[in-house]
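A quick note: this is a predicted structure, and the numbers were derived from the prediction, not measured. Quick note: residue numbers are just sequence positions, from 1.
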Amino acid sequence: LFFFTVTIIFIFFHLFCCVKMEDRGDMKVVIDCIVDDSGDAGENSLLVEGGDEKSSRNNVNVSPPPSVLPTTSSSTPMLTTTPAPGQRHHLHHTTTVSSLTNKLKKLLKGHDELFRSAYTDAGIVMALRGLSEIYQQEGKQNTRFERQKLRNEIEQRSITINEKFLQAFNPVKQRLLEVEAKVNEMKRSCEDMTKRLDAAQHDTSELITKTSKLQEDKAMLDAQKNVLREFMKQYQLTPDEQAALSVDRPLDEEFFKAFSRLRDIHQHSKRLLRTQRQRAGLDIMNEMMAREEKAYERLYAWTQASCRSLTTQTVDRSKLLQKAFAALRERDVLYRYSLNEYTTTRRLAVSRGFIDALTRGGPGGVPKPIEYDSHDPVLYVSGILGWLHQAMASERDLATRVLFSSYALNQRRNANGQTEVESISSSSMKDNNLSDERKSILSILDTIMEGVCRPLKTRWEQVLSSEMSLLTCYRVADTLTLYKEFAAELVGMESKFHILFTELGENTHTVFVSLLEEYAQRLLTSSIEIPASDLYPPQTLETTLTVMQEILETRSVNTEDVVTMLLNALLDPLVQMCTLCAANLGAADMAVYLLNCLYRIYSLLESFHVKNARLEMISAQMDAHIDTLMQSQAQYLVANAGLADVILAFQTWQGNGSVQPMCDSVHLHESEISTALARFDDFLAAADLDILPQGSHLHSAAVRERVRKGAVDMLCSTLGEFKGMCNTKDSGYSDGLIAWDVDQIRSLLL
């Protein structure tokens, strides 16, 4: 350690010296050479700065330092000569220069490796800087004497530096000695401890071996204990679970948890039969089977008692009953017996509730009994069917939640993320590919609602046997059709309840058709009325159209059957009745009266967008009556214009084949025609163009306008033909007899 420490300190000192020798550009060493020539006035020097050498050019005498000057000894003889006085000076100069040159070459050649090394520049510069500092710090002059003392001073400085190093290393040496003493002491302590540890290890090796073996045995026992605990946890019931399955404790949520745990153990025990632990698996399976049978017996008895308690119309949808039915599904016989008990109890409850709703009403008489409205067939039927629809929906929801909820939620989910029970509740029951759960629910609902079929049929027959109007009977039938669709969605198309609805609908339809035929017969026998002076439709027509309008507005299903049945049964009798009522009227009055009646019928059917062949027939009849009114209106205009005799004679002349000249015919003389034309001009000037008196009784303004325009067109056509015949050369009239324009007459009359 001591030598290692000294080596480290030396390395750091060397690095310190190298750092101090940096900055090669600031050093200089002065080597002065004194020339002994007495003829020289001054001194020349060799200056080395930054590694560059500069020498004087003119006869410089270089004198080496004392360390390199040639010396003499007793062993080396000196050759002495006595030169001539003239040659002494030249010889001394030549000898001195040659000696210095040789010394410098030898010095440089001996240190060639130093100059080529990486540290040459820095070392030389640092050395020269140190030599220069000696003169600079002490203020000495570069004289021969001082240069001779340079070596001694350098050696003295080296001695001084070494003494300082020695003094500086003395404390380090003392500390190193102390460290060495402590290290030796620690070594002795470590050796002592090693001996003691070896002895202790030798003494306790047997104990450690026994301890390791005991720890391994303990780990094995712990593992076996954990395995046994997991085995007991998986294949045995806990004391709490055994207590929950006991008979002394009431059936609650803990029972179903323990029961589910019991079934899981039974299933898990089957795995042991496929292993080497078959004996344990058989024992566990037998034990669990015995417990499971007792649990099923208790669960079945509790389910039977709970189902018998479902006797009220509103029941508590207990989750325990849901779980009981879900658990009993694994025992098909017990499940069917429990299901039969449930359907029987609910059938009696619904039947009793229906009778109470008909006769007693709700608690405290609210709501009132349905039979209080038996005087109003529509309200009475609506109350019955509304209660039954509510009962069907409630029973379906109850059966879905109690019988199938837990099973469906635990067994499967459909593709939409919706449970099977939710699918049953939300989907229509018309799907032919019904699942087993849906079929079961439909069968249960059919059995439950079968109890109300007989009372419903009895009440319905009473309603049909009562005196009902045609409109009331149709409303009853329409209400039944609406609830029939609801029943198809709730209990299915093939249920007995829906079949009963179909039968009641057919009976109601038969009664409706019978009433419709009776109503049509009464229209032709006892509804003939004398038309009023205003030629308005009879009251019977208005009443019948009101009934038809209410029927068309009431129908819940937009089918053409209702419209066709009404038109076939009532339309022809109505038209015949109106024709019989107008039998004693004139042509114009009959046309106006029948137009009003037909227009009223046509407007009603058109408002409901009815498309039927009979509607086109009514339109054709209206056109025929409008043509009759046009002719009557045209005749009325001709008579008022004073052209009646002339036009009649003209038409008679045309009818006879125009044999004789026109001017020779009766009432067609030129003088008579001139008189008639003068009256016609007065008629046009008066602008009194009232239509036919019967035309003012037309209900429709459009029909009145159509009649007026048609009459004017007929008149203008006749006048145009008359003017054309009068202006011919063969007529025998003077030129320019008729000068008016037919188009002007049409514009005046319109």
Per-pair distances, 0.1 Å, donor-acceptor, side chain in residues 215-225, under 3.5 Å, sequence neighbours excluded:
{"from": "Lys218", "atom 1": "NZ", "to": "Asp222", "atom 2": "OD2", "distance (Å)": "3.2"}

One thing to verify: whether Arg263 and Glu330 come together as a salt bridge, which I'm taking to mean a side-chain N less than 4.0 angstrom from a carboxylate O. yes
Answer yes or no: is there an ion pair linking Arg401 with Asp397, defined by an N-O contact shorter than 4.0 Å? yes
Any salt bridge (charged side-chain N to carboxylate O under 4.0 Å, His left out) involving residues 376-387? Give me the pairs, sequence neighbours left out, ordered by first then second residue. none
I'd like to know if Glu395 pairs up with Arg346 as an ion pair, taking the criterion as any Lys NZ or Arg NE/NH1/NH2 lying under 4.0 Å from an Asp or Glu carboxylate oxygen. yes
Does the ring center of Tyr296 lie less than 6.0 Å from the ring center of Phe259? yes
With a 4.0 Å cut-off on N to O distance, would you call Glu287 and Arg291 a salt bridge? yes
When you check the gap from the basic side-chain N to the acidic O, do Arg175 and Glu178 get nearer than 4.0 Å? yes
Would you call Glu206 and Lys210 a salt bridge, taking side-chain N to carboxylate O under 4.0 Å as the test? yes
Among all residues two or more places apart in sequence or in another chain, which pass the side-chain contact (heavy atoms from CB on, under 4.5 Å) test with Ile499? none
Taking the inter-plane angle between the rings of Phe486 and His389 on a 0 to 90° scale, is it parallel (under 30°), tilted (30 to 60°) or perpendicular (over 60°)? tilted
Donor-acceptor contact present, side-chain Asn286 to main-chain Leu282, <3.5 Å: yes
Could you tell me how the ring of Tyr335 sits relative to the ring of Phe325: parallel (under 30°), tilted (30 to 60°) or perpendicular (over 60°)? perpendicular
